[in-house]
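Notes follow once the structure below has been shown.
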Protein chains: 2
Amino acid sequence: MADTTGDDLTGALIDLFREVDALFSAVSRRMGITPQQAQLLCFAQHRQPSFGEAATLLHCDKTNVTGLVDRLQRRGLLTREADPHDRRVTRVHLTADGEELTGDFQDAVDTAVAARFASWPAADRAALLPLLRAATTALRA
Amino acid sequence: MADTTGDDLTGALIDLFREVDALFSAVSRRMGITPQQAQLLCFAQHRQPSFGEAATLLHCDKTNVTGLVDRLQRRGLLTREADPHDRRVTRVHLTADGEELTGDFQDAVDTAVAARFASWPAADRAALLPLLRAATTALRA
DNA sequence: CCTGGACAGTTGACACTCTCGACTAAATGG
DNA sequence: CCATTTAGTCGAGAGTGTCAACTGTCCAGG
């Protein structure tokens, strides 16, 4: 209930959001990190984000990133590296331990998702993926 | 990148999750409450959950709910009501202010979602809703 | 040059979230 | 009637998140 468009798209989005959140949190916890830490580690895997970029990616204030990085660095999962082109910026690099933990985390999430969709017909799964991407783009606007 | 099934369903789910999270958080903030408080208020609108039920719905420990309710009660958005059938349980009831704020919150989210999907063809929107629901059910397993 | 404004990260203060273990009170079932 | 279970609370402690104020660096315009 509670809707404007006649269909309850909002409710469906939030229900899905809650399930993904639950899965993501459960796996994070099992790995001994918080969901926010998991997110930062995943970002740091592809790029080597500056603190400001990390803040943007995480949708939070840059001052928050300082503490987040502090805790992960204390555990040896990442390091702060000076940016060679701009001495103001510090970049986040994963350590070998960080890479391993991040890989394990992603594998665990992938496995869990794959298991839950294992019984889906290929046609449904094929239809879902582009719609999810389109919905994401729509929401980003 | 990072995937088991060939398609990157996991990535798409997490991307969508992040957008919904961003929207939900932004609206909560605009309303002067936290996302967790918003969730609890929404639940309390339909049912009158006990603390344990609230904890289950919010995927968190019951001790967390005590503080959550404390803060919302201090702001006059809800009350603790004794359950007539079991004197151990306390139920959460929204006040008039709480109902109003919750309604405003839901309207704001609905409006934002509707606006972002306004340009979607009806056919796409019709296809999206059942797939979202099915995906939610799949993940719940 | 060199100075002022913009930008990157840090710090301290503060509120909220979240969990754990220990506790009280009430229900329940031998 | 007593043992157990269940509901909520409390205190301690770690993490998340914001804000305002600060330092250091970069990059113009004068």
Side-chain angles (χ1 to χ4, degrees), chain A residues 18 21-22 24-44 47-75 77-93, chain B residues 18 21-22 24-44 47-75 77-93:
Chain A
R18 285 177 27 78
D21 186 42
F24 200 88
S25 300
V27 175
S28 304
R29 161 173 279 263
R30 201 184 315 145
M31 296 286 173
I33 56 179
T34 66
Q36 294 81 358
Q37 292 172 343
Q39 290 226 112
L40 179 52
L41 290 174
C42 288
F43 288 139
R47 352 168 184 211
Q48 275 75 52
S50 70
F51 281 60
E53 289 163 356
T56 302
L57 288 167
L58 295 170
H59 301 302
C60 72
D61 193 275
K62 60 180 173 164
T63 62
N64 195 16
V65 177
T66 301
L68 214 43
V69 170
D70 279 346
R71 288 182 283 273
L72 290 169
Q73 190 170 18
R74 200 182 309 144
R75 293 175 53 173
L77 298 175
L78 50 77
T79 58
R80 291 171 207 231
E81 305 288 344
D83 184 297
H85 304 309
D86 188 335
R87 288 195 298 170
R88 289 173 301 180
V89 346
T90 308
R91 301 205 162 270
V92 172
H93 288 235
Chain B
R18 285 176 27 79
D21 186 41
F24 200 87
S25 300
V27 174
S28 304
R29 160 173 279 263
R30 201 182 316 145
M31 296 287 173
I33 55 178
T34 65
Q36 294 83 357
Q37 292 172 342
Q39 289 225 114
L40 180 51
L41 289 175
C42 288
F43 288 139
R47 354 172 179 209
Q48 274 76 52
S50 70
F51 280 61
E53 289 162 355
T56 302
L57 288 168
L58 295 171
H59 302 302
C60 72
D61 194 274
K62 60 180 174 164
T63 61
N64 195 16
V65 178
T66 301
L68 215 43
V69 170
D70 280 345
R71 288 182 283 273
L72 289 168
Q73 190 170 19
R74 198 182 312 143
R75 294 176 52 173
L77 297 175
L78 51 76
T79 59
R80 290 171 207 232
E81 305 287 344
D83 185 297
H85 306 309
D86 188 335
R87 288 195 297 170
R88 290 173 301 178
V89 344
T90 307
R91 301 205 162 268
V92 172
H93 288 234

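Note on naming: letters A, B, ... go to the chains in the order of the sequence lines (proteins, then strands), and numbering restarts at 1 for each one. Just so you know, these numbers come straight off a predicted model, no measurement behind them.
Thr90(B) comes within 4.0 angstrom of the backbone, heavy atoms only, and of no base. Across all strands, Asp86(B) comes closer than 4.0 Å only to sugar-phosphate atoms, never to a base (heavy-atom distances). Contact annotation for Arg91(A): no contact, since no heavy-atom pair falls under 4.0 Å across all strands. Nucleic acid contact for Thr34(A): sugar-phosphate only, since backbone atoms but no base atoms lie under 4.0 Å from a heavy atom of the residue.
Put simply, the residue from Leu72(B), Val69(B), Leu40(B) that forms a side chain to side chain contact (heavy atoms under 4.5 Å, CB included) with Leu77(B) is Leu72(B).
No donor-acceptor pair closer than 3.5 Å links the side chain of Gln73(A) to the backbone N or O of Asp70(A). Glu53(B) contributes a side-chain N or O that, together with a main-chain N or O of Ser50(B), makes up a donor-acceptor pair within less than 3.5 Å. A donor-acceptor contact shorter than 3.5 Å links the side chain of Arg18(B) to the backbone of Leu57(A).
The residue among Glu53(A) and Arg29(A) whose nearest nucleotide of DNA chain C is located toward the 5' end is Glu53(A). Comparing Val65(A) and Arg74(B) by the nucleotide of DNA chain C that holds the closest heavy atom to each, the one mapping nearer the 5' end is Val65(A). Toward the 5′ end of DNA chain D lies the nearest nucleotide of Asn64(A), the other residue of the pair Asn64(A) and His85(A) mapping further downstream.
The closest side-chain heavy-atom distance from Val92(B) to Phe43(B) is not below 4.5 Å.
Scanning all heavy atoms of the two residues, the minimum distance from Gln48(B) to Arg91(B) falls at O-NH1, 2.8 Å. For the pair Pro49(A) and Ala44(A), the tightest heavy-atom approach, listed with the atom from each and the gap, is CD-CA, 3.8 Å.
Once you apply a 4.0 Å limit to the heavy atoms of chain B, the touched nucleotides of DNA chain D run 5' to 3' over dT6(D) to dC19(D). Bracketed by its first and final contacts, the part of DNA chain C lying under 4.0 Å from non-hydrogen atoms of chain A reaches from dC7(C) to dC20(C) in 5' to 3' order.
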**Residue pair Phe51(A), Val89(A): steps toward the side-chain contact (heavy atoms from CB on, under 4.5 Å) verdict** = CA-CA 8 Å; Phe51(A) 281 60; Val89(A) 346; over 6 Å; no
